[in-house]
Amino acid sequence: MPLQLAASKRRYSRLLLPWVAAAVPLVCGALILSWEADRSLNSAAVRTSQLAIEQFELILDNVAAAADAVLPLSGQPCAQVQPALLDQVTRRPFVRSVNLIDAGTLYCSSLSGDVSEAVDPLDYVDGQLWLLAGNPVTPDRGLLIYRATRGQASVLSTVDGYHLSNALRMMGSANAITLQVGPNWIEANGKVHQGTAPVSAVAHSQLKSARYPFSVVSGFPAGARWTLIREQYIGMFSLLLLIAAVAGGLCRWAMSRSPSRYQELQRALDAGEFVPFFQPIVFSQGAAWAGVEVLMRWQHPREGLVRPDLFIPYAEDCGLIVPMTRLLMKRTAHQLAACLDHLPEGFHVGINVTARHCQDPALFDDCKAFLDAFPQGRIALTLELTERELIQPCAEIHGLFDRLRGLGVSIAIDDFGTGQSSLSYLQQFKVDLLKIDQSFVAMIGVNTLSRHVLDSIIELSAKLGLQVVAEGVETEEQRAYLAAREVKYLQGYLFARPMPPTDFERALRQGRKHGL
């Protein structure tokens with residue numbers, strides 16, 4: 001009987017242990033996923049608030065500079081000083097109007113000239129900012145007023161709520177974000193409300209500006225945690241079940257697989273199997289070729305042409321992306337030199353570089369060697385910063401970028417508008433060109449909100465003096481829309497797909513670079 005009882009226990013143990021082994025990772029995984037979702041949402045909310053504060057401070061810096069510039073003119077006749085007010089509105093980004101006050105009375109406006117209107121300083125938070133739902137000029141659109149004073153003299157400079165709502169939309173596509181100024185707040189649709197901004201159900205964040213009297217409120221709606229888990233971790237529970245059954249074998253597979261993948265990439269690099277493909281960038285007016293973006297492809301001896309998304313992320317993780325990019329630049333220089341007679345002067349060549357490459361001082365030598373392969377001025381090289389791995393600003397990187405500009409190399413931000421670091425890159429690095437992500441271009445004529453974001457990016461680029469390339473242009477409607485907004489360069493399947501060097505050279509010889 002004891003032997004039978006022991007056998008029965010062993011039998012039940014054999015039946016029970018697989019369920020226990022499966023339940024443990026499932027329960028632990030659910031807890032970890034919930035914690036990770038909360039952590040990600042909180043981090044995203046705080047980061048969005050920080051970026052929003054930086055953007056609003058940038059806007060207010062321009063408005064404050066306009067006010068400070070004309071403050072000494074307060075008290076002078078309006079007819080004499082109005083041109084100076086108009087000059088500030090014209091030259092300063094985001095400034096809608098500049099107004100002079102003397103002895104508590106607004107007497108001169110850049111918009112309407114002579115006026116007479118009493119001004120109450122108590123309307124302004126800390127005497128500086130006042131957020132309005134509208135004014136007689138634009139009754140249905142928000143307005144942010146900045147007040148600067150010196151004795152009896154004061155200046156009011158204003159920001160149109162359009163700029164505020166655009167900034168909120170650009171940084172709050174996935175979460176709710178509002179700007180709070182004293183007793184009023186504005187949301188992404190441009191509506192101004194009284195009272196305190198609503199508290200978000202998940203990952204609520206409220207950060208105050210250290211320089212101006214405003215705060216930014218950010219967060220996510222109820223259910224965001226489970227939505228994030230459902231969208232990003234849907235396969236995790238199946239994976240946990242698999243781990244419970246074959247954890248040892250899976251670990252051995254992963255350990256044996258990782259070195260072989262590295263070795264295969266290293267073998268391909270030594271064999272020169274990574275080749276450039278060229279996708280033309282065209283002028284929006286006329287569709288003549290202005291340049292190309294160089295895209296990496298893997299010409300595998302057995303598998304054929306391998307898509308970049310199947311090997312580039314791993315190449316970045318294992319540190320091979322830098323020598324692979326260096327090989328790509330050498331091959332590109334060789335291919336373009338062979339057909340140089342068919343290229344227009346200043347032909348633009350864009351090459352993607354990662355954070356790891358930007359940390360390598362040899363990038364300067366790579367670019368110099370590339371440009372030295374051509375007569376001076378024939379090729380214009382642009383390095384396109386990708387966001388798969390963030391570039392941390394430091395003295396070495398700033399110095400490297402300055403040396404590259406000395407060579408005539410331009411710096412671009414690739415897929416602008418999709419990554420959380422895009423606006424940060426604009427502030428941290430001096431860039432020359434923005435490449436608008438194809439997701440915004442695809443929404444032309446379809447999605448009004450995305451079109452507003454696209455228009456805001458184009459407007460921001462114009463004010464910052466940056467060139468713009470719109471990616472993913474596939475229809476004539478998209479081309480006409482972008483051309484009408486003076487986007488100079490376009491790229492997409494409407495003009496040409498990425499092509500191997502032989503097809504690229506054939507297209508050049510057939511005159512397709514001239515839009516024929």
Check against side chain to side chain contact (heavy atoms under 4.5 Å, CB included), Leu385 and Asp414: CA-CA 6 Å; Leu385 307 182; Asp414 196 18; over 6 Å; no

Heavy-atom pair of closest approach, residues Val202 and Ala222: CG2-CA, 4.2 Å

Note, Arg297 side chain near Phe311 side chain (heavy atom, < 4.5 Å): no

Close side-chain approach of Leu466 and Leu433, heavy atoms under 4.5 Å: no

Distance in Å, Asn352 CG paired with His357 NE2, rounded so as to fall on 0.5 Å steps: 12.0 Å

Donor-acceptor contact below 3.5 Å, side chain Gln491 vs main chain Val473: no

Distance in Å, Ile458 CD1 paired with Lys463 NZ, rounded so as to fall on 0.5 Å steps: 13.5 Å

Shortest non-hydrogen separation from Tyr212 to Ala64 and the atoms involved: OH-CB, 4.0 Å

Within 6.0 Å of NZ in Lys208, more than 12 heavy atoms from elsewhere: no

Nearest heavy-atom neighbours spanning Ala167 and Gln55: CB-CG, 4.0 Å

Partner of Thr382 by side-chain hydrogen bond (donor to acceptor under 3.5 Å, both in side chains), out of Lys435, His348, Glu293: His348

Carboxylate-amine/guanidinium contact Asp360 Arg356, below 4.0 Å: no

Side chain proximity check, Leu490 to Val469, heavy atoms < 4.5 angstrom: no

Heavy-atom side-chain contact between Gln88 and Val95 under 4.5 Å: no

Minimum-distance pair of heavy atoms, taken over all atoms of Cys367 and Val409: CB-CG2, 4.2 Å

Salt-bridge criterion met for Asp61 and Arg211 (N-O under 4.0 Å): yes

Heavy-atom closest contact (Thr475 atom, Leu494 atom, distance): O-CD2, 3.4 Å

Ring centers of Trp289, Phe504 separated by less than 6.0 Å: yes

Any donor-acceptor N/O pair, Asp432 side chain to Ile411 backbone, under 3.5 Å: yes

Sidechain-backbone polar pair: Gln478 side chain, Glu474 backbone, donor-acceptor under 3.5 Å: yes

Interatomic spacing from CD1 in Ile312 to CG in Asp317 - rounded to 0.5 Å: 12.0 Å

Name each donor-acceptor pair under 3.5 Å that joins a side chain in residues 269-278 to protein atoms two or more places apart or in another chain, with its distance.
from	atom 1	to	atom 2	distance (Å)
Asp270	OD1	Gln266	NE2	3.1
Glu273	OE1	Arg267	NH2	3.0
Glu273	OE1	Trp298	NE1	2.9
Glu273	OE2	Arg267	NH1	2.7
Glu273	OE2	Arg267	NH2	3.2

Plane angle bin for Phe94 and His163 - parallel if under 30°, tilted between 30 and 60°, otherwise perpendicular: perpendicular

Audit row: Leu407, Leu371, side chain to side chain contact (heavy atoms under 4.5 Å, CB included) steps and yes/no: CA-CA 8 Å; Leu407 284 178; Leu371 292 174; 4.3 Å; yes

Residues Glu345, Arg378: salt bridge by 4.0 Å N-O rule: yes

Carboxylate-amine/guanidinium contact Asp503 Arg506, below 4.0 Å: yes

Tyr493 six-ring centre to Arg497 NZ/CZ under 6.0 Å and within 45° of normal: yes

Interatomic distance, Leu400 atom CG to His398 atom NE2 [nearest 0.5 angstrom]: 11.0 Å

Atom of Leu340, atom of Pro375 and distance for their closest heavy-atom approach: CD2-CD, 3.4 Å

Ser200 side chain vs Ala203 backbone, donor-acceptor pair below 3.5 Å: no

CA sep, side-chain torsions, deciding dist, call: Glu57, Ser209, side-chain hydrogen bond (donor to acceptor under 3.5 Å, both in side chains): CA-CA 8 Å; Glu57 287 180 345; Ser209 168; 2.6 Å; yes

Test side chain to side chain contact (heavy atoms under 4.5 Å, CB included) applied to Asn42 and Ser205, step by step: CA-CA 8 Å; Asn42 278 292; Ser205 168; over 6 Å; no

Polar side chain donor-acceptor pair, Gln206 to Ser215, under 3.5 angstrom: yes

Arg479 (side chain) donor-acceptor with Ser284 (main chain) under 3.5 angstrom: yes

Polar side chain donor-acceptor pair, Glu264 to His300, under 3.5 angstrom: yes

Phe214 CZ to Leu144 CG distance, which is reported to the nearest 0.5 Å: 9.0 Å

Check: Leu343 and Phe374 side chains under 4.5 Å, non-hydrogen atoms: no

Close side-chain approach of Cys339 to Glu505, heavy-atom, < 4.5 Å: yes

Pair Arg169-Ser165, side chain to side chain contact (heavy atoms under 4.5 Å, CB included): steps then yes or no: CA-CA 6 Å; Arg169 281 195 297 269; Ser165 60; 3.7 Å; yes

Distance in Å, Asp437 CG paired with Leu454 CG, rounded so as to fall on 0.5 Å steps: 10.5 Å

Minimum side-chain heavy-atom gap Ile351-Met329 below 4.5 Å: yes

Sidechain-backbone polar pair: Thr325 side chain, Ile321 backbone, donor-acceptor under 3.5 Å: yes

Minimum side-chain heavy-atom gap Lys330-Asp366 below 4.5 Å: no

